[in-house]
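Worksheet for the structure shown next.
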Amino acid sequence: VTAYGNKGNTLLCSARQKMRVLSTFAKEARDSPFMSEESIKMSQDLKRRTGEILVQSGRCYRTVLSLDPRDARALVNWGSALCLRAKLIEVEDADSAGQL
């Protein structure tokens, strides 16, 4: 149980860091009307990878909850992963974020 929780925490932390980098890309896009193709591609790849990490993190927390349904930390962290994933999707498509 602890190993799955720790793995989920590590993945969630990694996703949060990637979200900060994505916000830097967004700021660059607002400040500079001419973003390079490479920056756009890097941003899209980072969004995709961040989404994958958040899904993996959520699966770890779900596993913890299946093994110990009373683990409140896993429930809170799973909610955090879902919220971050919704924010990530919201940037691209508000309708998809609502369906998450």
Side-chain angles (χ1 to χ4, degrees):
V1 173
T2 303
Y4 279 110
N6 288 339
K7 181 179 178 184
N9 291 341
T10 301
L11 291 168
L12 186 58
C13 183
S14 174
R16 284 184 176 137
Q17 289 175 339
K18 290 180 187 315
M19 292 285 283
R20 286 188 202 111
V21 173
L22 281 170
S23 70
T24 303
F25 275 119
K27 184 179 177 188
E28 179 185 329
R30 282 192 309 269
D31 294 344
S32 170
F34 304 106
M35 263 183 83
S36 70
E37 284 291 320
E38 186 175 329
S39 291
I40 292 170
K41 184 175 178 355
M42 285 174 51
S43 175
Q44 291 169 344
D45 289 343
L46 189 59
K47 282 181 189 175
R48 181 189 52 78
R49 181 66 186 136
T50 304
E52 291 170 359
I53 290 172
L54 287 168
V55 168
Q56 290 174 353
S57 176
R59 287 180 180 156
C60 288
Y61 296 129
R62 186 176 61 193
T63 301
V64 170
L65 288 169
S66 70
L67 297 171
D68 181 8
R70 293 179 166 264
D71 192 332
R73 289 177 298 175
L75 188 59
V76 169
N77 289 335
W78 190 13
S80 294
L82 287 172
C83 288
L84 281 177
R85 191 166 165 225
K87 285 180 185 177
L88 182 68
I89 292 172
E90 183 180 38
V91 172
E92 293 178 21
D93 184 12
D95 294 333
S96 295
Q99 294 173 0
L100 182 67

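The first residue of the sequence shown is numbered 1, and numbering continues consecutively from there.
- Here the side chains of Lys47 and Ser43 are in contact, with some heavy-atom distance below 4.5 Å.
- Hydrophobic clustering (side-chain heavy atoms under 4.5 Å, transitive across Ile, Leu, Val, Met, Phe, Trp, Tyr) groups Met19 together with Leu82.
- Contact between Ile53 and Ala15 at its shortest, heavy atoms only, is CG2-CB, 3.9 Å.
- Tracing side-chain contacts under 4.5 Å through hydrophobic residues (I, L, V, M, F, W, Y), one never reaches Leu11 starting from Leu75; they form parts of separate clusters.
- If you take SG on Cys60 and CZ on Arg62, they are separated by 10.0 Å, rounding to the nearest 0.5 Å.
- Both Leu84 and Leu22 are part of a single hydrophobic cluster, where members link through side-chain heavy atoms under 4.5 Å apart.
- Looking at heavy atoms from C-beta onward, Val21 lies out of side-chain contact with Thr50 at the 4.5 angstrom threshold.
- Partner of Val1 under the side chain to side chain contact (heavy atoms under 4.5 Å, CB included) criterion, chosen from Thr63, Leu65, Val64: Val64.
- Hydrophobic clustering (side-chain heavy atoms under 4.5 Å, transitive across Ile, Leu, Val, Met, Phe, Trp, Tyr) groups Met42 together with Leu46.
- For the atom pair Lys18 NZ and Cys13 SG, the distance stands at 10.5 Å (nearest 0.5 Å).
- In this structure, the side chain of Thr10 engages the main chain of Asn6 through a donor-acceptor pair within 3.5 Å.
- Using a cutoff of 4.0 Å between basic side-chain nitrogens and carboxylate oxygens, Arg49 and Glu52 are scored as salt-bridged.
- Side-chain atoms of Asn9 and Tyr61 form a donor-acceptor pair, as typed in the model, at a separation below 3.5 Å.
- For the pair Leu12/Leu54, a side-chain contact is recorded, criterion being any heavy-atom separation below 4.5 Å from C-beta on.
- No side-chain heavy atom of Ser57 sits less than 4.5 Å from a side-chain heavy atom of Lys7.
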